[in-house]
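Written below as structure tokens is the structure these notes are about.
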Amino acid sequence: MTATIDEPVRTPAPLDALGRLESEAVHIMREVAGEFDRPVILFSGGKDSTLLLHLAVKAFWPAPVPFPLLHVDTGHNFGEVIEFRDRMVERYGLRLVVAHVQDWIDDGRLTERGDGTRNPLQTVPLLDTITEHKFDAVFGGGRRDEERARAKERIFSLRNAFGQWEPRRQRPELWNLYNGRHRPGEHVRVFPLSNWTELDVWRYIAREDIDLPSIYYAHERDVYSRDGMWLTEGPWGGPRDGESLLRKTIRYRTVGDGSCTGAVESTATTLAEVIAEVGASRLTERGATRADDRLSEAAMEDRKRVGYF
């Protein structure tokens, strides 16, 4: 059959900024699926790991996500976040591997810290679980805008047999080519959100209508002030002498170990209001709300060198 009318050539519309970021992340996930044997997604229930899960669903749809989730549970997580984590696992029919820090404390492999925080204690359970399950690629939600040490990291970040990050072994990443080669016992951390900013994350969440834990939006909570942050009491402890509980309207910009994750005063109850608030902020979420990043100028890099996320 011969066509009598020439059909115009249709070219796809150019991608906007969020579309390009999404396309890059999907490409990275598919590269990992094709190059590695046992990838896993680090999943805390926070906004960045939830975004990773959403992108994985898009990357492999209509097939199921081909990676399990791994959560290093400090035992000091916010209840709303654990409930959300379990709901996402059920919604997408995923396999969840949980490394409970308490198990390592109970059998003597770790010792409880005097300050009550368990955030630094996550590294050993993470590395032990990677070794136990032979995971060779570990997706993380780290972004370069969060902290200066993370700005130095490649999208494919090689970790040695001890799980350590060695900056001198970082590989060039040119023309969207990623080198996943590694020796037995080594693994690669993969950061598909490296080129995203916090504002990009929130704009994409709004565009895709992605569900998040409720604590990311303004709500009332009893908090106390310490080192310029609003902390809440829980199994990790509470106010010290001279610190008083106050009822505040707050929200969390990031979630993690409750002993070192602070809230910000906010009235933002909708995505549009959160986006406006983030756009006006001069501090990243880690700089504003994570006490463990204030220990020293090199706090994050020191932790990454021994195997931290």
Side-chain angles (χ1 to χ4, degrees), residues 21 24-25 27-44 48-49 52 67 70 72 99 104 109-110 119-198 200-201 254 256 260 284-287 290-309:
L21 290 170
E24 178 187 57
H27 167 70
I28 291 166
M29 288 187 159
R30 290 172 176 167
E31 282 288 303
V32 170
E35 192 169 345
F36 293 86
D37 295 323
R38 298 178 68 86
V40 67
I41 298 175
L42 287 174
F43 188 77
S44 66
D48 297 316
S49 60
L52 274 183
F67 319 124
L70 168 59
V72 181
W104 273 255
R109 286 177 287 176
L110 288 173
N119 207 48
L121 302 184
Q122 295 179 82
T123 300
V124 172
L126 170 65
L127 296 179
D128 287 352
T129 304
I130 289 172
T131 300
E132 177 187 351
H133 291 268
K134 296 182 173 59
F135 294 131
D136 54 358
V138 182
F139 287 103
R143 307 187 320 270
R144 290 182 177 133
D145 74 318
E146 289 182 89
E147 203 275 340
R148 66 188 66 185
R150 284 184 166 167
K152 296 162 63 174
E153 194 148 33
R154 300 287 194 267
I155 291 174
F156 273 36
S157 177
L158 180 67
R159 302 299 172 104
N160 65 23
F162 300 100
Q164 298 169 330
W165 178 55
E166 299 176 340
R168 292 183 180 181
R169 293 185 68 194
Q170 295 281 294
R171 297 156 171 174
E173 294 178 341
L174 306 174
W175 306 294
N176 294 326
L177 298 176
Y178 305 106
N179 184 349
R181 287 180 297 176
H182 58 285
R183 301 187 183 99
E186 296 180 337
H187 70 276
V188 176
R189 303 281 173 90
V190 184
F191 300 101
L193 306 184
S194 290
N195 294 322
W196 298 58
T197 66
E198 184 185 8
D200 292 329
V201 169
T254 184
C260 62
T284 69
E285 69 266 43
R286 292 197 70 92
R290 293 301 291 269
D292 52 336
D293 285 341
R294 301 183 179 188
L295 296 176
S296 74
E297 286 290 320
M300 172 64 80
E301 184 159 344
D302 291 343
R303 294 198 303 276
K304 287 172 67 65
R305 284 180 183 273
V306 296
Y308 188 75
F309 302 169

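Just so you know, these numbers come straight off a predicted model, no measurement behind them. For this chain, numbers begin at 1 and follow the sequence in order.
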Exercise. Between the side chains of D128 and T131, is a donor N or O closer than 3.5 angstrom to an acceptor N or O?
Worked result: no
So do the side chains of [X] and [Y] get within less than 4.5 Å of each other, counting heavy atoms only?
{"X": "W196", "Y": "S194", "value": "no"}
{"X": "L177", "Y": "P172", "value": "no"}
{"X": "V188", "Y": "V138", "value": "no"}
{"X": "N179", "Y": "L158", "value": "no"}

Problem set entry | Pair listing, salt bridge (Lys or Arg N to Asp or Glu O under 4.0 Å) test, anchored in residues 134-145, at least two apart | D48-R143, R143-D145, R143-E285
For this session: Sort and list the pairs that fulfil salt bridge (Lys or Arg N to Asp or Glu O under 4.0 Å) and have at least one residue in residues 167-177, not counting sequence neighbours.
Result: E166-R169, R169-E186
Working to the nearest 0.5 Å, report the span between [atom1] of [X] and [atom2] of [Y].
{"X": "R159", "Y": "H182", "atom1": "CZ", "atom2": "NE2", "result": "14.0 Å"}
{"X": "L121", "Y": "W104", "atom1": "CG", "atom2": "CH2", "result": "12.0 Å"}
{"X": "I130", "Y": "L70", "atom1": "CD1", "atom2": "CG", "result": "7.0 Å"}
{"X": "L127", "Y": "Q122", "atom1": "CG", "atom2": "CD", "result": "11.5 Å"}
{"X": "F135", "Y": "L42", "atom1": "CZ", "atom2": "CG", "result": "9.5 Å"}
{"X": "L193", "Y": "E146", "atom1": "CG", "atom2": "CD", "result": "9.0 Å"}

For this session: Go through D200 and N195 one step at a time and tell me if the side chain to side chain contact (heavy atoms under 4.5 Å, CB included) criterion holds.
Result: CA-CA 9 Å; D200 292 329; N195 294 322; over 6 Å; no
Exercise. Shortest non-hydrogen contact from V72 to P125?
Worked result: CG1-CB, 4.2 Å
For this session: Of all the heavy-atom pairs spanning P192 and I28, show the shortest one and how long it is.
Result: CA-CD1, 3.9 Å
Is there a donor-acceptor pair closer than 3.5 Å between any side-chain N or O of [X] and the backbone N or O of [Y]?
{"X": "S49", "Y": "S44", "result": "yes"}
{"X": "S157", "Y": "R154", "result": "no"}
{"X": "H187", "Y": "G185", "result": "no"}
{"X": "E24", "Y": "L21", "result": "no"}

Exercise. How are the rings of F67 and F139 set relative to one another: parallel (under 30°), tilted (30 to 60°) or perpendicular (over 60°)?
Worked result: tilted
Exercise. In terms of the angle between their ring planes, are Y178 and F156 parallel, tilted or perpendicular, with boundaries placed at 30° and 60°?
Worked result: parallel
Exercise. Do F43 and L52 pass the side chain to side chain contact (heavy atoms under 4.5 Å, CB included) test, and can you show the C-alpha distance, the side-chain angles, and the key distance before you say yes or no?
Worked result: CA-CA 8 Å; F43 188 77; L52 274 183; over 6 Å; no
